[in-house]
Amino acid sequence: MAQEEQTGRSIFTDLDDSSSSKEISKWQRTARLWRETLRDHWGKLTDELSVKLSLITVAAFVLIAIFAPFIATHPPLQRQYQSDAGIIMDKWAEPAILGADTGYILGTTAEGFDIFSQLVYGTRAALMVGLIAAVFTAGIGTLVGLIAGYYGGKVDDALMRLVDFLYGMPLLPTVIVLVAVLGPNLWNIIFALIVLQWRSTARVIRSQALSLRERPFVKAAEVAGAGDWHIISRHLAPNVLPMTFLYGSFGIAWAILAEAGVSFIGLGDPNTVSWGTMLQASRAYSALEFGAWWWFVPPGICIGLLVISGFLIGRGYEEITNPKLQ
Amino acid sequence: MWGLTIDIVMVENTNRISRRSFLKATTAGSAVGMTALAGCAGGGGGDTSDGAGSEGAYTYVNNAQSYNPPRHDAINVIADQFSELGLDVGVDVLEWGTLFSRVSEEYDYSFATWHTFFVSEPVTELNNLFNSANTDPGQGNYSGYENPDLDEMMANYLAEPDENTRIEQCHEIQRLLMDEVPMMPITQMPQAAIYNSNQVGNWQADLANGFNSYWTMINLEMKGGENTLKGYWPETLSTMNVLGHNDESKHVYQFNMLYDFLVQLNNEAGPDPEVSLATDWERVDETTMEYTIRTDHSWHDGEDLTAEDVAFSYNYISENEVPLYSTQSEYIDTAEVVDQETVRINMAEPLGPFNLGVANLIPIIPEHMWADRENPSQQNIQEPVGSGPMMFEYWEQGSEFAMTRFDEHFAPVSFERRFWRVIPEASTVWENLINGDLNYEPFGRIDRSLDQNQDNENIGTTFQTAPTFWMFTPNERQEPLGDKQLRKALVEAIPRTPIVDQILFGFPETGSNIVSSAFGDLHTEDVTEYEESQEAARSRLEEAGYTWDDNDTLQAPSDD
Amino acid sequence: MGKANFIIRRTIQLVVTLWAVGTVLFGLFRLMPGDPTSYVVSSQMTQEARQQLIASYGLDQPLHIQYIKFLENLIVLEFGQSFHSNEPVTDIIVTYLPNTLVLMLTAFIAAYLIGITLGVLSGWYRGSRFERSTVITALVARSVPTFYVGLIVLWIFGAGLGVIPMSGMSDLGTGGGSFLEMMFSLDFLHHLLAPALVLGFYFMGYPLLIMRSSMLEVLSEDFIDVCRAKGLKERTIMFKHAARNALLPIVTAAAIALGYAVGGSVLIETVFAWPGIGREMVRAVLRRDFPVAQGTFMVLATTIIFLNFVADLAYGYLDPRVTYD
């Protein structure tokens with residue numbers, strides 16, 4: 001469990017502005033403030049074992065994604081042939097880890113693609129979808145939430161009606177329609193996810209911003225003549241940050257799950273290997289019927305691992321944002 | 001006279017049958033749930049070595065994997081081989097409808113492959129595909145091949161009354177086409193009857209609808225006390241309106257059993273009065289046919305089926321310009337009742353093979369149900385009333401359709417019921433076929449499941465050469481694909497045997513002639529043969545003046 | 001502002017949201033690549049026949065006319081006819097929606113009953129091994145895609161052990177009865193079991209986690225100590241006092257989650273070949289069957305919007321601290 005108030009200063013109070021000397025520029029102060037907030041979070045987060053394990057898992061996947069070309073034994077979408085001369089595809093090869101003398105760690109698919117390499121490259125797609133979608137959903141959501149919450153009135157009303165509208169859209173069907181319109185590629189899937197998913201972050205951050213706006217330190221800054229942007233970035237943003245991260249890490253998980261679902265339905269990017277398209281292909285070729293579980297099982301496990309890591313990290317943040325849960 | 005008749009028949013048949021069989025053919029093999037019917041792009045495709053997308057100089061359009069896994073795979077293999085030959089090929093995975101219009105209407109592609117239409121006569125279809133007059137968008141000549149000699153040969157054939165002369169002419173046409181290769185058959189796809197042999201037997205196919213024809217059904221023999229014919233389709237039916245469906249085979253196969261047609265065909269593609277509503281017919285003159293109708297037949301709801309109903313059906317379909325039968329309607333002027341058992345049909349223009357081209361295709365519908373219906377193709381029919389050997393029982397959308405035997409029919413089926421279950425998953429289908437929950441496979445997938453299960457003691461199979469094939473078509477509008485030598489080289493680079501052996505488990509024959517041996521005497525073995533070899537392709541290209549640059553990319557010879 | 005005012009305002013919002021969803025939908029479907037007419041009209045048809053069909057579907061009208069017509073029809077819940085079956089879209093919805101609802105509601109109710117109970121217990125026994133394992137189970141349930149779990153269940157219990165049917169809502173060749181007859185047959189329950197369990201397992205995690213958090217908050221409040229001081233039994237405190245007070249967030253969360261459950265039904269329907277509305281929607285989208293796609297999508301969106309609305313109202317009624325502004 002995270003320790004309580006050891007740093008002596010909760011991230012929920014504002015940083016002490018008066019201590020700043022004149023020679024330190026505004027920018028540096030902002031940077032320091034952010035750095036300290038983040039370090040504080042990190043300390044609390046890594047205190048929990050499950051979060052630590054999750055971070056390690058994510059880090060491992062990140063490494064795999066970065067070094068995919070070195071780890072993968074074959075290009076993921078290159079058909080393997082038995083010899084150089086003839087055209088005999090290496091399809092349905094059994095995995096070498098089960099002792100088959102095939103040279104393919106996890107065997108090959110019905111088309112003769114190396115499953116292990118697909119799994120490795122699938123990490124890239126998953127992380128790309130997860131991280132990009134999460135950064136944008138959390139980022140847009142936070143920004144919109146802060147602006148709505150801080151300005152209130154008409155701005156708030158307009159933005160929140162937009163959020164209400166997005167809340168009316170069923171996630172998967174909307175993504176399916178968008179992808180059908182824009183064409184099946186990974187970027188369109190990411191785009192479709194971002195368009196919809198920032199709604200929940202925005203709503204939560206707004207309500208936080210609403211209450212923060214009434215806090216003394218914000219009022220004080222206003223009286224001192226601080227600009228709107230100054231207040232939003234220096235006084236509000238650091239305080240909603242845990243919530244942003246919380247929704248960001250959930251965002252990773254949801255994005256990966258959604259991509260897998262869309263790919264499974266057959267609207268995945270045909271030119272990119274993702275765990276979702278692997279599952280779809282293994283089903284199209286009845287992999288389980290032929291006992292080729294090594295084609296079907298690993299992508300699902302990878303999805304599960306990465307997604308649960310996202311959830312656990314999110315929960316870690318939840319405990320920071322809501323100390324009662326500790 | 002007979003020659004002319006046949007030709008025109010074939011136009012009709014082609015028009016009507018080709019579309020449906022085309023749809024059927026291209027849905028074959030889809031395995032994933034609801035995407036079966038129109039599966040959008042999916043799955044790992046485009047296996048050019050870098051896994052890149054479609055930014056090549058040439059675009060090979062491919063259907064989604066989930067839509068038809070083996071064909072998706074085959075196209076990728078061919079594209080691989082073209083890359084090896086030095087072509088910069090990208091594979092574009094398109095949703096089926098988009099792919100079809102890209103190729104057949106917009107002509108926006110470099111290479112295309114799909115399962116060709118069922119046709120009852122080859123040259124009518126070839127005329128549609130390769131006639132120089134059909135090269136405008138959407139007209140049919142999507143390959144862009146133009147050859148005045150061929151145009152003339154096909155016109156001569158279509159006008160030729162003597163059968164033997166026609167055979168000679170057809171051979172000539174094949175020789176020319178196989179030498180010029182505007183289109184190459186990759187694999188000769190078989191018609192397949194796949195069934196549970198403990199429950200049903202005696203499978204006889206006809207040329208157009210294969211093992212799903214009327215003839216097949218009325219000849220089936222049930223076994224082991226089974227009295228239900230149990231089939232499946234990967235997707236739900238769309239409608240119960242016999243005049244408002246889209247001609248997909250899943251509908252045609254049902255309506256062929258629910259309704260009667262004036263004339264039915266046997267397994268030799270001949271009109272058979274024994275099993276037809278008309279027991280006799282006579283050509284009164286060039287534009288008049290008279291049919292003698294059974295007088296003891298009735299509708300499924302018990303009303304008598306009369307000569308009035310028959311005349312009504314023809315007039316109604318023609319007057320309402322039912323789109324599904326628009327080609328047939330062009331030949332129908334009026335139909336009139338001569339007496340209780342005779343109907344006279346007056347044609348709008350002479351059509352020799354009226355039986356094959358019209359009478360076999362226009363369903364006879366009950367006047368008492370349809371007389372007040374306007375805009376027939378837009379009707380929403382809940383319970384169709386026909387007079388065919390099967391009666392409507394129930395239709396649960398998205399899950400099941402069932403018919404029961406109409407005991408009073410003149411060509412009764414031996415089973416009491418037939419149902420089709422919607423099952424998208426190939427593995428589930430096989431599970432059910434083997435344990436007898438299903439007993440036939442109307443869809444005809446050719447895949448690893450068939451390969452593994454065909455020797456199962458419960459499973460019976462019957463294969464028959466079909467006139468259809470997976471075609472390879474280069475778009476000659478794109479330079480330098482208009483060059484015959486390049487086309488020949490490409491054909492040599494297509495690994496036909498590996499595709500047949502490895503992707504299709506040896507079920508089809510490798511393609512060698514655009515006019516299949518299913519056409520009997522019209523087919524000849526004496527056509528240009530092509531090796532399957534990269535070396536042959538390369539040396540052919542070298543001879544034709546092609547070169548390869550430092551990246552081994554093929555360079556067309558310059559014109560100057 | 002008063003309660004009536006609040007309800008009126010919410011209702012207006014509901015209508016505006018529905019209009020916005022409809023409008024966006026209309027725009028999206030007309031941006032689709034591919035010629036919509038080619039799905040309706042055989043390319044082998046005569047040109048005249050083609051034009052006639054295109055006109056009869058209103059596809060030849062200018063966009064704004066099509067849009068106005070679309071809105072008019074939306075108001076009277078008239079979504080037009082399917083391009084493929086000519087069946088009114090309303091009928092299609094009536095056919096498929098109940099199938100989805102039965103499956104979703106069964107799974108949902110079971111999941112919430114079990115999830116809430118486990119949530120209460122894990123909140124109560126904070127720090128125990130029991131708590132840890134339930135929380136981990138809940139997280140796993142939400143992390144593995146439902147379609148994946150579904151396929152594995154089918155593989156093991158369907159193809160392997162043969163104890164559950166492989167697809168659909170009834171045994172092969174036994175259709176034809178009314179919906180109600182079917183629903184109360186043993187055969188249907190047999191078919192419902194596997195997809196409902198798989199879905200239920202997935203749904204369960206959410207109420208469990210919320211209930212646990214909510215319990216933790218309630219347990220830190222003073223009145224629990226008061227109860228203890230009164231000498232009430234642990235079980236009485238846990239369920240009667242703590243759980244009841246912790247239930248509030250679940251009510252709103254449940255309403256909202258149910259909406260999204262219906263919206264996300266397509267995956268499980270695909271795996272179990274369940275003839276539901278989600279699958280029908282995807283089918284229609286891929287076929288460019290505009291009316292059906294729009295109609296089914298609107299139904300899914302309306303379900304969500306309406307349940308969000310219900311959640312808002314319920315929150316207002318249940319929590320006396322809420323003010324209506």
Side-chain angles (χ1 to χ4, degrees), chain A residues 72 74-82 85-92 109-115 117-118 121-122 125 176-177 179-181 183-186 188 262-274 276-292, chain B residues 29-36 38-54 62 64-70 72-74 76-77 80-81 84 90-95 98 424-431 447-449 452-453 495 497-499 501-503 532 534:
Chain A
H74 302 83
L77 284 172
Q78 189 181 68
R79 201 181 297 273
Q80 301 304 317
Y81 298 100
Q82 274 177 9
I87 301 180
I88 299 170
M89 289 167 236
D90 251 342
K91 2 192 281 172
W92 296 107
T109 71
E111 306 124 299
F113 301 141
D114 181 56
I115 294 173
S117 306
Q118 290 210 327
Y121 274 93
I176 288 165
V177 170
V179 170
V181 172
N185 75 51
L186 210 56
N188 288 339
V262 171
S263 300
F264 177 71
I265 287 172
L267 285 162
D269 186 338
N271 294 315
T272 312
V273 179
S274 78
T277 57
M278 285 179 76
L279 286 177
Q280 190 252 358
S282 71
R283 183 164 183 257
Y285 285 102
S286 311
L288 283 181
E289 191 197 349
F290 303 118
Chain B
S30 56
V32 167
M34 87 288 128
T35 38
C40 225
D47 44 319
T48 43
S49 41
D50 54 355
S54 56
N62 196 349
Q65 178 181 57
S66 53
Y67 189 69
N68 186 333
H72 176 91
D73 210 12
N76 285 335
V77 170
D80 269 359
Q81 292 302 312
E84 195 155 311
V91 176
D92 239 7
V93 180
L94 299 172
E95 183 268 332
T98 317
E425 274 278 80
S427 50
T428 307
V429 169
W430 275 103
E431 192 106 357
D447 58 10
R448 188 176 175 200
S449 302
Q452 287 218 331
N453 293 314
T497 308
I499 288 172
D501 288 348
Q502 297 177 56
I503 293 178
E532 293 176 39
Q534 283 278 336

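Not measured: the values here are computed from a predicted model. Excluded from the calculations below are hydrogen atoms, water molecules and symmetry mates; all remaining heavy atoms, backbone and side chain alike, are included. Lettering of chains follows the sequences in order, A, B, ..., and the numbering in each one begins at 1.
- Here the closest non-hydrogen pair linking B:Pro70 and A:Tyr285 is N-OH, 4.4 Å.
- A distance of 8.0 Å separates CG in B:Asp92 from CG in A:Asn271, rounded to the nearest 0.5 Å.
- Contact count against chain A (heavy-atom pairs under 4.5 Å) is highest for B:Arg448 among B:Glu431, B:Gln502, B:Arg448.
- Side-chain contact between B:Gln452 and A:Glu289 is absent, with no heavy-atom pair separated by less than 4.5 Å.
- Between A:Arg79 and B:Asp80 the shortest heavy-atom distance is NE-OD2, 3.8 Å.
- In this structure, chain A has a heavy atom under 4.5 Å from the side chain of B:Gln81, while its backbone stays farther away.
- With a 4.5 Å cut-off on side-chain heavy atoms, A:Met89 and B:Val77 count as touching.
- When all heavy atoms of B:Ala426 and A:Ser286 are compared, the pair lying nearest together is CB-OG, 4.1 Å.
- The contact between B:Ser449 and chain A is made by backbone and side chain atoms together, counting heavy-atom distances below 4.5 Å.
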